[in-house]
Amino acid sequence: MARGYLKLYVSFLSLVFVFVIATTSIGHGVYVVAQEENQITSNPVSSTVDTSEEVELVESAEVEEIKMDDTLQETSQEAEEEEEEEEEEEEEEEVIKEVAKKKKYSRDGENPIPWRLIGLSKLKQPSGKNDMSFSITDTDPDLAGVKGWEEYFYPASQFSVKNYTFSKGISLEFPDYMYVSNNYYKKNWSLKTHRRLKNVIVIMDFSPSAATMIEIADLGKGFNSTQEQSLRRAFQVADADNSGGISITELEEVLKAVDVDVEGEEGFSFLKKIHAIGDSNHDGSISFEELKRMLNERLYNRLQANRHYVALSLAEAECMRAAIHCRVGSPLIPGKDTIVALRTERTLLDSSGGYCPALSHQNTSAQASFRFIDSALDYTPRELNILLRALQNNVCKMRENFFVEVRTNRRRKQTDPATTSLSKVFVTADEHHLLQYRIAKGRVTALLKSRGMYARDAFAAFDNDRDGMLSRRELTRGLEWLGMKMDSSLVNNIMREVDKDGDGYINLDEFKNAVGWDEETGNDNFIAGTFNTPILPPPPKSEGNKVVLKIPEPVLQGIKIKVKKVTRFQLVWTSQGTMSRNKGSVWEPIVGAGAFRANRAYVSLGHYVGSGYENPARDSSDRLTLEITDTQGSFVGGSSWLPHVLDKYLPRPARFRLAWSYTHGNNPFYAWEPIPPSDNFIAMGFVGTTRDVPPDIRSMRCVSKRWVTESKYVHKIWDDSGSGGREGSIWLFNTLNLVGFVRGHDPPIRRPVDLMKRRFFLKDF
């Protein structure tokens, strides 16, 4: 314990000493560049420096060494030795799950190399291969004789570690704006010895001159013959009206498929600009050849030339942050328009004066690529697609070998990457292989939105046999139902991509993940919920010939329908524990669920709302349902026609759609809207559950539209104000006191319905 406190105290003294030296020296025109554990390097200059004697982060032989007190140095060395001894003891005593592979690691030559801050102002020298740089000769007198940042940073494409099998180190081709500092990892280490890698924590995003940054296209790989055929099929999917060209709306779906942000006013403006650029013959639409050129040249993905990203050591990041803080309100380098920012993954830590953020595509590409170098396994779908684009010049096996070899030098769990989302990067050659599938997927999403449907609704409509799984045949027929006729190869491609567990079927979760848009991710422009969406089209019809039984007219004339009081209820959910300001509860009626009692039947039309937490049977308000009686049947003999009457005139819902859900806390609730089997019927009430599983369609029935009229009895009973969850409310929909659910607190846009009569015969309608 005493040794632990001693190590903490020494580390604290070292950090304080570094910071004091840095801030004090900067005030006199000196920047601290990098520090060893026992040594600080600085460059004293006068307080009236000119631009040729700029403050420096890193320097060469002219710098003086300021050595710490001998006692502190000896104490630090002793503490380090004790720490290494403790680590060895811990390795013997404990089983460490997150470990680097056992190798003979070396720590020689880890002393940081200082570099001058003014060197960041030097433009990159061209390499002669379509390089993104603008410096041909060194003409700036302020920078004469100054070593540029390229002396201390090397391209990320040259980063590699010594191979475990003593063969040549593995490297990958990364975007040419990515670099690694020699202070993080020296390039020549991969040739000599194994090194335990530190985490990539801080990335420096900088431009030597903001004025020289210009937007250029991120050039991509061309299409081979097989990929071109796939693209042509995808083009036919995007060309919804079969005009031979795609409009600006159809182009939007294609661009979303390649992760281009076209949302909002800026996105639409960009979309129109890209459409104008792609439409080379100015006929108002984009042909297949024009689309192929756009995708080849990546006109939609823009980069800023002369912007660079560097993986820094923590010592460099410390000093850079101190330098930024000391130049608040003024240029980082006097007389220069150099801009710098420090980032840790997706978070901006600090930035210099005049800094402007990078374009989204370039910034995300750099972040995802450095996370790959850092052996990260968790990526968003968009990050994975962009990472795949950044690595597409490398064969799949090399990507996997690089990742595995680098990770063996880190203290990480040696999880098989093939079992993670990153496996996509190791089996997909380039973005073109997924383009056909992603355009088709975007088309499905667009069609669902246009029909006011969520993924859950489409899945239920596609699932013809109601087994909770989609076969290849059901998927094909479902897509045709949506208006998408695809050839078998594209359907097979979709099945292969969506069926993650490889069982030959698509379940609801796989379908929702593929479509990428459901109740949880719907945008604000789509208002789902009670009576607020258009009537959905019927699902595909069943296979084979179905015999329709005609009910005799005398039987229909004897069918009597009247309201009946419900006296028994089963609790479904209460708002207790939700922190809402009001009390509310939902109850299921116990009416026999359609069972027959001789010549009559009682049916459920939905659930009911309670008064507070009380059972509805105990308050003064009647909850009503329907009693259907065959007056020509007998109490003893029953009615053989009654089941057919119920199926024809009070059918069960085709399916349920999620109208609203409360999932905050440990008291979840899901509100379900019944979807009638056809436009001739309507649901008078809703159903609630405590599980994210649609109710059994046998739990209630719909009624004929001819029996109902617009309800004039619509009252809000409860809302979730104060609960902190997604806004929703519970309503009485009609004089039967059936419950309805609305997403939000406003009344339903489309009015609920009520019975026109409380007692009638079928012959009356």
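Along the sequence shown, the residues carry numbers beginning at 1.
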Would you say Met320 and Leu120 make side-chain contact, with heavy atoms under 4.5 Å?
yes

Would you say Asn394's side chain and Arg399's backbone share a donor-acceptor pair under 3.5 angstrom?
no

By side chain to side chain donor-acceptor pair (under 3.5 Å) - contacts of Asn199 (at least two apart):
Arg412

Check: Met213 and Cys356 side chains under 4.5 Å, non-hydrogen atoms:
yes

Using 30° and 60° as the class limits, which term best fits the ring planes of His308 and Phe206: parallel, tilted or perpendicular?
tilted

Any residue meeting side chain to side chain contact (heavy atoms under 4.5 Å, CB included) with Ala366, in chain and number order, not counting sequence neighbours:
Tyr177, Tyr309

Partners meeting ring pair (Phe, Tyr, Trp, His ring centres under 6.0 Å) with Phe159 (sequence neighbours left out):
Tyr185

Residues that Thr338 engages under side chain to side chain donor-acceptor pair (under 3.5 Å), provided they are two or more places apart
Ser121

Do the side chains of Glu345 and Ile201 get nearer than 4.5 Å, heavy atoms only?
no

For the residue pair Ile214 and Gln304, establish whether any side-chain heavy-atom pair is separated by less than 4.5 Å.
no

Kindly indicate whether the side chain of Arg389, heavy atoms from C-beta on, has any atom under 4.5 Å from the side chain of His361.
yes

Looking at every heavy atom in both Ser209 and Leu123, which two are closest together, and how far apart are they?
CB-CD2, 4.3 Å

Under the ring pair (Phe, Tyr, Trp, His ring centres under 6.0 Å) test, residues paired with Tyr184 that sit two or more places apart
none

Sequence neighbours left out, what passes side chain to side chain contact (heavy atoms under 4.5 Å, CB included) with Glu383? Give chain and number order.
Arg346, Thr364, Arg371, Tyr379, Thr380

Could you pull out all residues at least two apart from Ser313 that satisfy side chain to side chain donor-acceptor pair (under 3.5 Å)?
Glu316

Could you give me the CA-CA distance, side-chain angles and deciding distance for Asn306 and Thr212, then say whether side-chain hydrogen bond (donor to acceptor under 3.5 Å, both in side chains) is met?
CA-CA 7 Å; Asn306 263 0; Thr212 63; 2.8 Å; yes

Taking salt bridge (Lys or Arg N to Asp or Glu O under 4.0 Å) as the cut-off, I'd like each qualifying pair that reaches into residues 182-191, sequence neighbours left out, listed once.
none

Checking Asn393 against Glu173 for the side-chain hydrogen bond (donor to acceptor under 3.5 Å, both in side chains) test, could you report, in this order, the C-alpha distance in whole Å, the side-chain angles of both residues, the deciding distance, and whether it holds?
CA-CA 7 Å; Asn393 290 328; Glu173 183 177 335; 3.3 Å; yes

Should the ring pair Phe402 and Phe372 be called parallel, tilted or perpendicular, given that the plane angle runs from 0 to 90° and is split at 30 and 60?
parallel

By side chain to side chain contact (heavy atoms under 4.5 Å, CB included) - contacts of Ser160 (at least two apart):
Ser171, Ser190

If you compare all heavy atoms of Gly354 against all heavy atoms of Ile339, which two are closest, and at what distance to 0.1 Å?
O-CG2, 3.5 Å

Quick one: side chain to side chain contact (heavy atoms under 4.5 Å, CB included) partners of Ser330, sequence neighbours excluded?
Arg327

Which heavy atom of Val146 sits nearest a heavy atom of Lys122, and at what distance?
O-NZ, 2.9 Å

In the structure I gave you, are the side-chain heavy atoms of Phe153 and Met204 within less than 4.5 Å of one another anywhere?
yes

Counterpart residues, side chain to side chain donor-acceptor pair (under 3.5 Å), relative to Glu150 (two or more places apart):
none

Shortest non-hydrogen pair, Ser365 vs Ile386, comes out as OG-CG2, 3.1 Å

Considering all heavy atoms of both residues, which atom of Ala368 and which atom of Leu387 are nearest to each other, and what is their separation?
O-CD1, 3.8 Å

Please list all pairs passing the salt bridge (Lys or Arg N to Asp or Glu O under 4.0 Å) test where one or both residues lie in residues 201-210, with sequence neighbours left out.
Asp205-Arg307, Asp205-Arg343

For Leu197 and Val161, work out which heavy atoms get closest and say how close.
CD1-CG1, 3.9 Å

Would you say the side chain of Ile203 lies within less than 4.5 Å of the side chain of Leu312, judging by non-hydrogen atoms?
no

Can a donor-acceptor pair be found, under 3.5 Å and without considering hydrogens, that links the side chain of Asp337 to the backbone of Ala211?
yes

